[in-house]
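What follows is one structure encoded as structure tokens, with my remarks underneath.
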Amino acid sequence: MPNIIKAQNEEQFNDIGAGIIASLLQSNPKALLGLATGSSPVGVYGRLVELYKEGSVSFAEAQSYNLDEYVGLPADHPESYRRFMDEKLFNLVDINPENTHVPMGSSPDPEQAAAEYTQLLQQAGRLDLQILGVGLNGHIGFNEPGDELHGFTHVVTLDESTRQANARFFSSIDEVPTQAITMGIASILHAKQILLLVRGAEKAEVIARALKGPVTTHCPASLLQTHPNVIVLVDQEAGRLL
Ligand code: F6R
């Protein structure tokens with residue numbers, strides 16, 4: 001069973017999440033980090049930036065690999081995941097930009113970009129820590145629910161529900177890309193440790209289903225039940241049914 005930690009409030013959520021990442025970097029400065037974007041990790045990244053400014057943590061020798069990126073958005077688009085990472089973390093700490101990796105969603109050949117990302121991950125070796133959020137439909141990365149899941153990095157057509165959930169960041173739903181490049185389930189589960197961050201009442205049902213329901217491709221987050229070292233950090237609202 002995953003180790004479930006319930007934070008009392010947002011500050012504690014961010015402290016605990018950032019503390020887990022900072023401890024890893026303190027014991028292993030060359031750690032390979034798998035990173036996620038979105039509202040779940042944003043406060044944790046903010047706290048990590050504070051810890052860096054206080055001199056408690058350094059990313060100088062770390063490497064990062066992001067889970068996913070929209071297809072068709074240039075890297076400098078305000079809603080690209082590359083831009084999110086640059087603005088929320090990479091530009092604010094001492095990580096070497098060359099050691100930060102995000103799938104190349106703007107590539108003219110996304111399939112090729114996905115294959116290259118798989119190779120990159122294979123060359124890197126096992127990630128020490130993979131940060132995840134969960135979608136309302138149970139996706140991790142952009143591995144959407146369905147009859148089958150993919151092991152390695154691939155191009156995916158986003159569920160309508162995912163596009164709607166993410167439309168809040170765009171001026172209209174029509175602007176939300178229809179496809180993404182995402183790390184696959186095998187790559188995610190290959191990480192030595194996984195930290196799943198879940199916030200808000202709207203996630204209570206899906207996280208309960210993922211952790212207590214059957215392991216099924218129809219709820220990709222349920223596959224985390226098969227991993228031996230998962231920490232699930234929830235706030236009071238998201239943890240209501242756990
Ligand atoms: C983001 C990602 C997604 C999000 C999920 C939850 O890189 O891979 O799986 O983690 O959609 O998003 P938020 O945190 O915005 O609710």
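Counting convention: from 1, in listed order, for ligands and their atoms alike.
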Task: Test salt bridge (Lys or Arg N to Asp or Glu O under 4.0 Å) applied to E160 - qualifying residues, sequence neighbours left out - done: R163
Open item on the list: Test your reading of the model: is there a side-chain donor-acceptor pair from T118 to the backbone of T153, 3.5 Å cut-off?
Closed with: yes
Task: Atom-level proximity to ligand 1, residues with heavy atom under 4.0 Å - done: A36, T37, G38, S39, S40, L67, D68, G133, V134, G135, H139, G141, R168, K203
Task: Within residues 159-214 or reaching into it, pairs that qualify as ring-ring contact (aromatic ring centres under 6.0 Å, His included) - sequence neighbours excluded - done: Y70-F170
Open item on the list: Enumerate the salt bridge (charged side-chain N to carboxylate O under 4.0 Å, His left out) contacts for residues 167-193, please, sequence neighbours excluded, ordered by first and then second residue.
Closed with: D128-K192
Open item on the list: If the threshold is 4.0 Å, N to carboxylate O, is there a salt bridge linking E50 and K53?
Closed with: no
TODO: Could you pull out the closest heavy-atom pair between F59 and D94, with the gap in Å?
DONE: N-OD1, 2.7 Å
